[in-house]
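We name chains A, B, ... by the order of the sequence lines, and we start the count at 1 in each one.
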2 protein chains.
Amino acid sequence: MLIAAWTRGNLLVRTKEKNKERAGSQTRGKIVAAAQELFLARGYESVSIADILEKSRVNSGSLYYFFRAKEDLLLAVLDWYLDNLYPQVIDPALKTTSDPIEQVFAVLEGYRQMLTITECQMGCPIGNLALEMSEKSEAVRGKIAQNFANWRAAIRDMLVAAGNRLPAGTDCETLAMFILTVMEGGVMQARAHRSLAPFEQSIALLRDYVNRLVANPDATTPGTPLGSRPEGWWDELM
Amino acid sequence: MLIAAWTRGNLLVRTKEKNKERAGSQTRGKIVAAAQELFLARGYESVSIADILEKSRVNSGSLYYFFRAKEDLLLAVLDWYLDNLYPQVIDPALKTTSDPIEQVFAVLEGYRQMLTITECQMGCPIGNLALEMSEKSEAVRGKIAQNFANWRAAIRDMLVAAGNRLPAGTDCETLAMFILTVMEGGVMQARAHRSLAPFEQSIALLRDYVNRLVANPDATTPGTPLGSRPEGWWDELM
DNA sequence: GTCTATAGAAGGATAGAC
DNA sequence: GTCTATCCTTCTATAGAC
């Protein structure tokens, strides 16, 4: 469902567009949709403007009417992901179960399906761009960080809802960040090995960890500041 | 130390070169060294042949004498990483302590230093290329998988050495894969946020997990096949 | 807002002398 | 093995008519 919506288009965002263009014009949306699919499949640098024009069936002049440069188009795609996190990733997971911990794993299950459907060729579109683009543009890096921050916040809310089952003093934001870590690292290895196994095993061990937290809420282990967090690094969210 | 050696050059590999070129020629090595540094800093697509020629102070003709195409040069860089995993990443960690579990964390500490020195602009050179290149070339993807497999095997050996402290039946290869997952996911977020915190916290929670495994070696948690693993996906190594 | 045509730079790769 | 010169393609972006 995740993937289907991601690759099918951008119906949702079109109705939300804040621009002053007349509502009837679908050109901008078609361009963003094409760029989003191509960047997801092949990254940023190896997708050319010509590729985007061909896929969206739009002419060069129109593209540069809406976007000053290729990078602005990428920013628009990242905004699209920002707008679609809840409708396409979080809300479907919330609906599968009322157990907040199971909701977290339902989100991860969505990524597993994405890997399955694409035969491990597409994983997380943001993680993709994070490594390719972080050094090249501050604006892009900022929007990627914001995407991560929103994802983390959504997972954090689920963990907070499960808070009484976790060890007292657990920092849910940090644990959410760790879950994103495992998801991204698992996707990376799944793609490199063209196998679901690294992803599935990573999630299995993550679940073992969560199970151990729930089973032993009073245990503390030496030198592990589960409840502490250096302030300030996730400022992009606020 | 990790980083210093990575960015300084490739003294080691030059002496190992299997090619038939006369030993005195440093040209091939200079090209690989330049390419390795540039790919690490900026990825593959956004580094041009001209960039590599300028940095290595070599002429176009020489580069194409040694490498048929840009992709062959990338394969040579990936071979360089394969050759340098132990001398530059594993051996230094083995020397820091005799406790195998601490050796694992010493490896991760090396990556933390890399992030520190580069102000979170460079992380794992392989993870970098894994997401950018997995879909573009089977040859490249295979060598990236091999790099992951060797890293995993080295960590697995440490875990095997600590085996009696881990839950009976723990699959050390899977746990090693999970450690790579956490490392890569942590590096990704550190770069996206330009902050060490996501990496450090990811490692802190990983340590909490390992501590819980060691503290509760008899506990099993439902539905988590810590000791099982689908066979076959890491075949690249064998 | 959309179209065609094209500028102008940068890209990977090759030729052929030495 | 190394050099210079350059081919040809592809790329991002713009011009200007409609």
[X] vs [N]: side-chain N/O to OP1/OP2 distance below 4.0 Å:
X	N	result
A:Tyr64	D:dT14	no
A:Ser62	C:dC3	yes
A:Ser60	C:dT2	no
A:Asn59	C:dT4	yes
B:Tyr65	D:dT2	no

I need the [atom1]-[atom2] distance between [X] and [N], as an integer number of Å.
X	N	atom1	atom2	result
B:Arg57	D:dT4	CZ	P	12 Å
B:Phe66	C:dG12	CZ	P	19 Å
B:Glu71	C:dG11	CD	P	19 Å
A:Leu63	C:dT4	CG	C1'	15 Å
A:Leu53	D:dA13	CG	P	12 Å
B:Glu45	C:dA10	CD	P	18 Å
B:Ile49	D:dT9	CD1	P	18 Å
B:Ile31	C:dA13	CD1	P	14 Å

### Query
Want to settle it: does A:Ser46 or A:Gly61 sit nearer the 5' end of DNA chain D, counting the closest nucleotide to each?
A:Ser46

### Message
Ignoring hydrogens, what is the shortest heavy-atom contact between B:Leu40 and B:Gly123? Give both atom names and the distance.
### Response
CD1-O, 4.4 Å

### Task
Answer with yes or no whether A:Ser48 presents, from its side chain, a donor or acceptor under 3.5 Å of a partner atom in the base of D:dT12.
no

### Message
Treating A:Thr96 as the side-chain partner and A:Ala93 as the backbone partner, does any N or O pair qualify as donor plus acceptor under 3.5 Å?
### Response
yes

### Task
Indicate yes or no for a side-chain donor-acceptor contact from A:Glu132 to the backbone of A:Glu45 under 3.5 Å, with no hydrogens or angles considered.
yes

### Query
Salt bridge between A:Glu119 and A:Arg194, side-chain N to carboxylate O under 4.0 Å?
no

### Task
Give the nucleotide from the list C:dG12, D:dT2, D:dA13 with an atom nearest to the side chain of B:Thr27.
D:dT2

### Task
Could you label the plane-to-plane angle of the B:Phe39 and B:Tyr44 rings as parallel, tilted or perpendicular, counting under 30° as parallel and over 60° as perpendicular?
tilted

